[in-house]
Amino acid sequence: MRRTKRYQVEDSNSLWQIYKTVPFLKVVKNFVVIQIARYTPFLGMKNWLYRNFLKMKIGKQTAFALMVMPDIMFPEKIIIGTNSVIGYNTTILAHEYLIKEYRIGEVKIGSNVLIGANTTILPGVTIGDGAVVSAATLVHKDVPEGAFVGGNPMKLIYSKLEMEKRQIDT
């Protein structure tokens, strides 16, 4: 189960009430920083922008590929360990706006994690150390440490033990 905090809304859907939940100027600043980072080929610069302007917690040697889209409303709720790779065009969400409520939750990605291209990570999930998420996966629940997962809906493909055995056999 994802760990999100739920906020009920009345009248219009929650997205119409967006600037009651997050300041407009914060969204503008985050948008500009994210767009610069999405297109820059300099990994160190991306991490510096994310750490200093968006207040994301990012470990050393973590690499964001081209076009990665961190949450524009609550990027400070994204925590990523060291030496992880976030694949091309991945989206990391810390919020979701629904009709009658919106939800906010931290996303925790461990160290030595590989996230494949075009993956979407929903709010409130934890991806354990050493996990591998295949390309085009919808991460809608926690990923165990060392596991290999993939698909939509996401399924466990190999457990940590099975992954270790596969590495020994090769």
Side-chain angles (χ1 to χ4, degrees), residues 1-6 30 33-96 98 103-170:
M1 185 160 130
R2 294 187 290 135
R3 289 163 297 287
T4 58
K5 187 164 183 186
R6 302 172 117 172
N30 291 353
V33 170
I34 289 168
Q35 291 308 313
I36 291 168
R38 289 184 82 193
Y39 289 96
T40 187
F42 307 111
L43 299 177
M45 182 179 172
K46 288 181 194 222
N47 288 355
W48 183 83
L49 288 167
Y50 290 153
R51 286 180 189 123
N52 291 289
F53 290 99
L54 303 184
K55 305 303 179 205
M56 291 170 59
K57 294 166 195 77
I58 302 168
K60 293 180 181 180
Q61 279 85 43
T62 285
F64 290 85
L66 189 69
M67 301 302 290
V68 170
M69 185 69 189
D71 193 282
I72 196 168
M73 308 298 174
F74 303 97
E76 68 276 7
K77 297 204 174 283
I78 299 171
I79 302 162
I80 304 172
T82 61
N83 200 45
S84 291
V85 175
I86 312 299
Y88 174 83
N89 205 38
T90 289
T91 301
I92 306 170
L93 296 172
H95 78 277
E96 54 189 1
L98 307 171
R103 301 173 188 164
I104 300 171
E106 281 189 340
V107 172
K108 297 178 184 174
I109 300 171
S111 296
N112 302 305
V113 171
L114 173 63
I115 307 290
N118 294 304
T119 291
T120 299
I121 302 169
L122 296 181
V125 300
T126 297
I127 300 173
D129 292 342
V132 177
V133 178
S134 75
T137 296
L138 175 64
V139 181
H140 67 288
K141 59 186 175 182
D142 289 350
V143 176
E145 181 180 318
F148 177 50
V149 298
N152 183 3
M154 182 187 81
K155 293 184 173 139
L156 179 67
I157 298 170
Y158 297 114
S159 69
K160 180 180 180 179
L161 291 174
E162 291 169 325
M163 284 295 287
E164 289 170 353
K165 184 177 181 335
R166 288 176 58 83
Q167 290 172 346
I168 291 169
D169 291 345
T170 56

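Below, each value reflects all heavy atoms present in this structure, side chains not excepted, and no hydrogens, waters or symmetry copies.
Nearest heavy atom pair, residue Phe74 against residue Ala94, reads O-CB, 3.6 Å. Shortest non-hydrogen contact noted between Pro70 and Ile78 is CB-CD1, 4.0 Å. For Ser134 against Gly150, the heavy-atom pair with the smallest separation is OG-CA, 3.1 Å. Residues Leu156 and Ala147 come closest through the heavy atom pair CD1-CB, 3.6 Å. Shown here for His140 and Pro153, the closest heavy-atom pair between the two residues is CE1-CB, 4.0 Å. Summarising the geometry of Val139 relative to Val133, their closest heavy-atom pair is CG2-CG1, 3.8 Å, with the distance given to 0.1 Å.
Side-chain contact between Val68 and Ile115 is absent, with no heavy atoms from C-beta onward closer than 4.5 Å. Side-chain contact between Gln61 and Asn83 is present, with heavy atoms from C-beta onward closer than 4.5 Å. The side-chain heavy atoms of Ile34 and Met69, taken from C-beta on, include a pair separated by under 4.5 Å. Considering only heavy atoms from C-beta on, Pro144 stays 4.5 Å or farther from Lys160 through its side chain. The closest side-chain heavy-atom distance from Val125 to Val143 is not below 4.5 Å. Side-chain contact between Arg38 and Gln35 is present, with at least one heavy-atom pair separated by less than 4.5 Å. Taking the side chain as every heavy atom from C-beta outward, Ile109 and Ile121 approach each other to under 4.5 Å.
A donor-acceptor contact shorter than 3.5 Å is absent between the side chain of Asn47 and the backbone of Ile58. A distance-only check finds a donor-acceptor pair linking the side chain of Asp129 to the backbone of Ser111 [under 3.5 Å]. Side chain of Ser84 to backbone of Gly110: a donor-acceptor contact under 3.5 angstrom is found. Between the side chain of Asn118 and the backbone N or O of Ala135 there is no donor-acceptor pair closer than 3.5 Å. A distance-only check finds a donor-acceptor pair linking the side chain of Lys46 to the backbone of Phe64 [under 3.5 Å]. Under a 3.5 Å cut-off, the side chain of Thr62 and the backbone N or O of Gly81 do form a donor-acceptor pair.
One finds the CD1 atom of Ile80 at 4.5 Å from the CD1 atom of Ile92 (value rounded to the nearest 0.5 Å). Distance NZ/Lys55 to NZ/Lys77: 15.0 Å, rounded to 0.5 Å. For the atom pair CG of Leu122 and CE of Met154, the computed distance is 10.0 Å after rounding to the nearest 0.5 Å. In this structure, the separation between CG on Leu43 and CH2 on Trp48 is 15.5 Å, given to the nearest 0.5 Å. Glu162 contributes atom CD, which lies 10.5 Å from atom CD of Glu164 (distance to the nearest 0.5 angstrom). To the nearest 0.5 angstrom, Ile127 atom CD1 is 12.5 Å from Ile79 atom CD1.
When the options Arg6, Arg3, Lys5 are evaluated for a side chain to side chain contact (heavy atoms under 4.5 Å, CB included) with Arg103, the one that passes is Arg6. Among Asp71, Ile104, Leu93, the single residue meeting the side chain to side chain contact (heavy atoms under 4.5 Å, CB included) criterion with Pro123 is Leu93.
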Task: Worked check of side-chain contact (heavy atoms from CB on, under 4.5 Å) between Met67 and Tyr39 - done: CA-CA 6 Å; Met67 301 302 290; Tyr39 289 96; 3.6 Å; yes
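Not a single ring-ring contact (aromatic ring centres under 6.0 Å, His included) links Tyr88 to another residue, sequence neighbours left out.
Taking the six-membered ring for Trp and thresholds of 30 and 60 degrees, Tyr158 and Phe148 have nearly parallel ring planes, at less than 30 degrees apart.
Using a cutoff of 4.0 Å between basic side-chain nitrogens and carboxylate oxygens, Glu96 and Arg2 are scored as salt-bridged.
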